[in-house]
Amino acid sequence: MEMTVNFGKKARVLALCGAALFATSANAQNVVITADKMVDVLTGKVVEFPAIFVGEDGRISSIADARTVRWGSDVKHINLSGKTLLPGLIDMHVHLDGPADIGGYRGLEFTDSFWGMTAVGNAHAMLKAGFTTVRNVGSGNRNDIGLKQAIENDYAIGPRIIPAGYALGATGGHCDSTFLPPSLEKAEKEEGIADSPDELRYQVRRQRKYGAEVIKVCATGGVFSRNTEPGQQQLTESELRVIADEAHQWGIRVAAHAHGGDGIKAAIKAGIDTIEHASLVDDEGIKLAAARVRPVWFSMDIYNTDYTQAEGAKNGVLEDNLRKDREVAQIQRDNFRKAHKAGVKMVFGSDAGVMPHGDIGKQFRVMVEYGMTPMEAIQAATRNGAQALGRDKDVGAIAVGRYADIIAVDGDPLTNVRELETVDAVVKSGKLIE
């Protein structure tokens with residue numbers, strides 16, 4: 001049976017005007033999703049009683065008024081009556097193969113393949129939490145690439161994954177293994193570790209060759225590594241520029257782990273696309289980010305310290321790591337407020353793996369506490385994330401042509417953003433996740 005559409009007067013006018021949001025295709029629609037409200041992150045408005053039609057390709061084919069539209073019995077109806085719909089959320093900084101409750105030297109208790117096994121459950125937890133797209137910024141054994149392939153071929157359930165493979169960094173830096181004595185280290189460098197422009201260029205090409213869709217580089221020291229300090233710059237501006245130029249030549253983007261002010265500024269000047277953490281950014285770095293012609297985005301994980309300070313010692317995290325975590329936590333939150341107020345482009349990044357993957361919705365509350373409106377926080381995790389990924393034709397909004405990645409909550413997230421801590425329904429490519 002073909003779907004029949006009975007547009008009201010307002011919908012007919014919109015259709016005749018060719019409005020993109022309500023563009024209509026009567027063919028090949030096999031799912032319709034209805035609810036009381038829908039948050040349109042592109043306009044910043046709320047749509048009443050949406051009926052979202054999904055084609056066989058899992059993309060949205062049309063959006064109409066559920067009070068006037070009709071469909072045939074061959075169209076599957078996902079009825080989310082009483083709920084508010086939002087686009088599937090995007091987390092730009094996750095580590096799927098990093099269980100949050102295993103820290104420090106406790107990692108040596110487990111065999112190499114253990115970490116890839118844990119990634120399967122972590123990915124499922126993130127999807128159930130409403131995150132239908134995630135960017136995995138560094139993994140061992142290319143676990144993120146393997147998991148992406150497993151999900152796409154229906155061997156596992158999880159979000160869309162933009163994988164990085166191995167992170168790039170300098171010998172002895174945050175992306176290098178600094179927990180073992182020399183006698184237990186490999187004779188050759190760990191994969192991803194490079195100490196010259198040519199080596200860095202090769203590593204970009206190598207990660208892309210084996211499935212990376214984003215390049216992760218460590219520009220500064222880190223909190224949860226050993227023998228590095230967050231403020232230390234570990235790659236020069238010229239080295240970072242080699243990475244950015246090579247990646248951009250291949251059509252992929254670069255994320256720079258950068259806590260320290262000098263490393264942040266070097267990464268911005270070098271053309272890096274997203275700055276991860278940005279904890280110790282100074283006023284000059286904020287101005288550089290706000291003014292750069294090629295957009296640069298800050299991904300600031302401003303919730304997870306609540307978890308690490310409460311649970312880290314029990315999980316085996318070393319006291320030196322917890323010390324660094326305490327020292328940067330409030331500074332990072334204050335700088336989040338300053339950067340947002342200055343107009344720096346912001347995305348949602350949780351550093352899931354440092355904290356439990358299913359709890360990342362708790363960061364929305366902190367983003368609002370430190371200066372964003374609920375709509376801005378939601379846009380950071382939807383529209384902005386899609387733009388920063390270069391995938392705004394696919395994800396990041398409930399709009400015609402994009403994948404039908406949709407979440408539902410009971411209350412009004414624009415009044416109480418904590419609604420996003422417990423998502424009530426998740427749809428990916430038009431299919432309800434059970």
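When reading the values below, keep in mind they use all heavy atoms of this one structure, side chains included, and skip hydrogens, waters and symmetry mates. Bear in mind that the values here come from a model prediction, so they are computed numbers and not experimental data.
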Exercise for review: Please report the C-alpha distance between Q332 and D301 in whole Å, then the side-chain angles of each, then the deciding distance to 0.1 Å, and finally whether the side chain to side chain donor-acceptor pair (under 3.5 Å) criterion is met.
Suggested key: CA-CA 8 Å; Q332 185 193 39; D301 50 323; 2.9 Å; yes
Review point. Hey, are N304 and Q363 close enough side-chain-wise for a donor-acceptor pair under 3.5 Å?
Key: no
Review point. Is atom NZ of K324 surrounded by more than 12 heavy atoms (other residues, nucleotides or ligands) closer than 6.0 Å?
Key: yes
In a table with atom names and distances, give each donor-acceptor pair under 3.5 Å that connects a side chain of residues 246-256 to protein atoms at least two apart or in another chain.
unit_1	atom_1	unit_2	atom_2	d
E246	OE1	R201	NH1	2.8
E246	OE2	R205	NE	2.7
E246	OE2	R205	NH2	3.4
E246	OE2	W250	NE1	2.7
H248	ND1	A244	O	3.2
H248	NE2	D273	OD1	3.4
H248	NE2	D273	OD2	2.8
H248	NE2	R294	NH2	3.1
R253	NH1	Q387	O	3.1
R253	NH1	A388	O	3.0

Exercise for review: Take E284 and K287 through the test salt bridge (charged side-chain N to carboxylate O under 4.0 Å, His left out) and record every step on the way to the result.
Suggested key: CA-CA 5 Å; E284 181 185 359; K287 289 178 182 177; over 6 Å; no
**Study point:** Results of salt bridge (charged side-chain N to carboxylate O under 4.0 Å, His left out) for D283 - residues two or more places apart only
**Key:** K338
Revision key, fill the gap. Taken in chain and number order and not counting sequence neighbours, the residues that satisfy side-chain contact (heavy atoms from CB on, under 4.5 Å) with D176 are T171, E190, I193
Check your understanding: If every non-hydrogen atom of N141 is compared with every non-hydrogen atom of D112, which pair is closest and at what distance?
Key -> ND2-O, 3.8 Å
Practice item. Check for a donor-acceptor pair, side chain of R241 on one end and backbone N or O of K269 on the other, with a separation under 3.5 Å. Key: yes
Check your understanding: Taking the side chain from R142 and the backbone from I145, do they hold a donor-acceptor pair closer than 3.5 Å?
Key -> no
Exercise for review: May I have the step-by-step check of side chain to side chain donor-acceptor pair (under 3.5 Å) for T34 and H77, ending in yes or no?
Suggested key: CA-CA 8 Å; T34 62; H77 183 200; 2.7 Å; yes
Exercise for review: Taking D359 for its side chain and P356 for its backbone only, find out whether a donor-acceptor pair lies under 3.5 Å.
Suggested key: no
Check your understanding: Closest approach of H340 and G371, non-hydrogen atoms and distance?
Key -> CE1-O, 3.3 Å
Check your understanding: Has the side chain of Q379 got a donor or acceptor atom that lies under 3.5 Å from a matching backbone atom of V41?
Key -> yes
Practice item. Any pair with a residue in residues 399-434 that passes ring-ring contact (aromatic ring centres under 6.0 Å, His included), sequence neighbours left out, goes on the list, sorted by first then second residue, please. Key: none
Exercise for review: Could you tell me whether a side-chain N or O of Q207 sits under 3.5 Å from a main-chain N or O of K209, the two making a donor and an acceptor?
Suggested key: no
Point to revise | Listed partners of E239 passing side-chain hydrogen bond (donor to acceptor under 3.5 Å, both in side chains), at least two apart | key: T236
Check your understanding: Where do K362 and D306 land on the salt bridge (charged side-chain N to carboxylate O under 4.0 Å, His left out) test, with the steps shown first?
Key -> CA-CA 10 Å; K362 294 178 179 180; D306 288 6; over 6 Å; no
Check your understanding: Step by step, would you call Q330 with D334 a side chain to side chain donor-acceptor pair (under 3.5 Å)?
Key -> CA-CA 6 Å; Q330 190 59 48; D334 292 339; 3.0 Å; yes
Residues 78-87 side chain polar contacts: donor-acceptor under 3.5 Å, at least two apart:
unit_1	atom_1	unit_2	atom_2	d
N79	OD1	S81	N	3.0
K83	NZ	D410	OD1	2.4
T84	OG1	G411	O	3.4

Review point. Is the backbone N or O of S279 less than 3.5 Å from a side-chain atom of N335, with the two atoms forming a donor-acceptor pair by type?
Key: yes
Practice item. Could you give me the CA-CA distance, side-chain angles and deciding distance for E152 and K148, then say whether salt bridge (charged side-chain N to carboxylate O under 4.0 Å, His left out) is met? Key: CA-CA 6 Å; E152 290 179 345; K148 171 187 171 69; 2.8 Å; yes
**Study point:** Residue pair R326 / T308, side-chain donor-acceptor N/O under 3.5 Å
**Key:** no
Practice item. For residues A129 and G358, report the shortest heavy-atom separation together with the two atoms involved. Key: CB-O, 3.9 Å
Return a table of donor-acceptor pairs under 3.5 angstrom between the side chains of residues 344-353 and protein atoms on other chains or two or more places apart.
unit_1	atom_1	unit_2	atom_2	d
S350	OG	D91	OD2	2.5
S350	OG	A352	N	3.0
D351	OD1	H93	NE2	3.3
D351	OD1	H95	NE2	3.4

Exercise for review: Name all residues meeting the side-chain contact (heavy atoms from CB on, under 4.5 Å) criterion together with T220; count only those two or more places apart in sequence or in a different chain, and write none if there are none.
Suggested key: H257, A258, H259
Point to revise | ring-ring contact (aromatic ring centres under 6.0 Å, His included) pairs, two or more places apart, involving residues 377-399 | key: none
Check your understanding: Residues two or more places apart in sequence or in another chain: which of them pass side-chain contact (heavy atoms from CB on, under 4.5 Å) with P99?
Key -> D101, I102, F114, W115, T118
Point to revise | Side chains of D40 and T43, donor plus acceptor under 3.5 Å | key: yes
Point to revise | N321 side-chain N/O to V317 backbone N/O, donor-acceptor pair under 3.5 Å | key: no
Review point. Just checking, any donor-acceptor pair under 3.5 angstrom between side chains of T274 and R135?
Key: yes
Review point. Sub-3.5 Å donor-acceptor pair from the side chain of N136 to the main-chain atoms of L96, do we have one?
Key: yes
Check your understanding: For D245, which residues count as a side-chain hydrogen bond (donor to acceptor under 3.5 Å, both in side chains) partner, sequence neighbours excluded?
Key -> none
Review point. Is L127 close to I157 at the side-chain level, that is, under 4.5 Å between some pair of heavy atoms?
Key: yes
Point to revise | Sub-4.5 Å side-chain heavy-atom contact between I378 and P413 | key: yes
Exercise for review: Indicate yes or no for a side-chain donor-acceptor contact from R160 to the backbone of T132 under 3.5 Å, with no hydrogens or angles considered.
Suggested key: no
Review point. Are side-chain N/O atoms of D144 and Y166 paired as donor and acceptor at under 3.5 Å?
Key: no
Exercise for review: For S225, enumerate each residue passing the side-chain hydrogen bond (donor to acceptor under 3.5 Å, both in side chains) test, keeping only those at least two apart in sequence or located in another chain.
Suggested key: H174, T228
Point to revise | Lys/Arg-Asp/Glu bridge criterion (N-O < 4.0 Å) met for E419, R365 | key: no
